[in-house]
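Have a look at the structure below before the remarks.
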Amino acid sequence: MVIDKRVKEHNKMPMIRIRGIQMNKIKQVSSKLVEDLHHIIGCPKDYFTIECMHSTFIYEGKEVEAPTLIEVAWFDRGQEVQDEVAECMMKHFGDEAECLEVYFIPLKETAYYENGEHF
């Protein structure tokens with residue numbers, strides 16, 4: 001069976017961007033996190049990217065502690081898989097804040113380009 005490159009590449013993702021969690025914690029859990037997500041989502045481990053975002057948050061003219069946010073940009077995989085990914089994030093980072101917010105940004109294949117070609 002020949003698999004069309006575009007079908008195979010569809011699984012490339014997700015991009016994970018983390019704010020409000022220390023870099024050392026992210027590094028510490030990154031291998032196990034990707035392993036768990038690999039089993040949940042079903043794409044190869046090297047398709048995941050994890051980015052530690054360093055942001056300054058301001059409220060009423062003062063710097064304030066960053067909220068703990070995890071953004072997952074990906075091609076939508078349905079509610080059940082999304083719920084499992086959110087649970088996985090809680091498992092690995094839930095102890096880092098009183099409130100861990102995980103949100104998903106669904107990407108459209110026709111609006112995502114790699115080397116000048118959309119999926």
Contact between [X] and [Y] at the side-chain level, heavy atoms closer than 4.5 Å - yes or no?
{"X": "F93", "Y": "V102", "value": "no"}
{"X": "R19", "Y": "E71", "value": "yes"}
{"X": "F104", "Y": "D76", "value": "no"}
{"X": "P14", "Y": "I41", "value": "yes"}
{"X": "V72", "Y": "I105", "value": "no"}
{"X": "H92", "Y": "K32", "value": "yes"}
{"X": "H39", "Y": "E35", "value": "yes"}
{"X": "V64", "Y": "I58", "value": "no"}

For [X] versus [Y], what's the shortest heavy-atom pair and its separation?
{"X": "C88", "Y": "I40", "value": "CB-CD1, 3.9 Å"}
{"X": "C52", "Y": "I21", "value": "SG-O, 4.0 Å"}
{"X": "G20", "Y": "A66", "value": "CA-CB, 4.1 Å"}

Using the rule given for side-chain contact (heavy atoms from CB on, under 4.5 Å), can you reason through W74 versus I16, listing the C-alpha separation, both sets of side-chain angles and the distance that settles it, and then say yes or no? CA-CA 9 Å; W74 67 350; I16 302 164; over 6 Å; no

Can Y103 be reached from M53 by stepping across I, L, V, M, F, W or Y side chains whose heavy atoms are under 4.5 Å apart? no

Atom pair [atom1] ([X]) and [atom2] ([Y]), whose distance is rounded to the nearest 0.5 Å:
{"X": "R17", "Y": "T49", "atom1": "CZ", "atom2": "OG1", "value": "9.0 Å"}
{"X": "I26", "Y": "Q22", "atom1": "CD1", "atom2": "CD", "value": "8.5 Å"}
{"X": "K45", "Y": "H38", "atom1": "NZ", "atom2": "NE2", "value": "5.5 Å"}

Candidate pair D36 and K91, rule side-chain contact (heavy atoms from CB on, under 4.5 Å), full reasoning: CA-CA 10 Å; D36 290 350; K91 172 183 155 187; 2.8 Å; yes

Heavy-atom donor-acceptor pair, R77 side chain to F75 backbone, under 3.5 Å: yes

Donor-acceptor side-chain pairing of Q28 and N24 below 3.5 angstrom: no

Chi angles and distances behind the side-chain contact (heavy atoms from CB on, under 4.5 Å) call for I18, E96: CA-CA 12 Å; I18 302 172; E96 295 301 305; over 6 Å; no

Going by side chain to side chain contact (heavy atoms under 4.5 Å, CB included), name the residues that satisfy it together with E65, two or more places apart in sequence or in a different chain. none

Show the numbers, then the answer: is there a side-chain contact (heavy atoms from CB on, under 4.5 Å) between D46 and V34? CA-CA 9 Å; D46 64 343; V34 169; over 6 Å; no

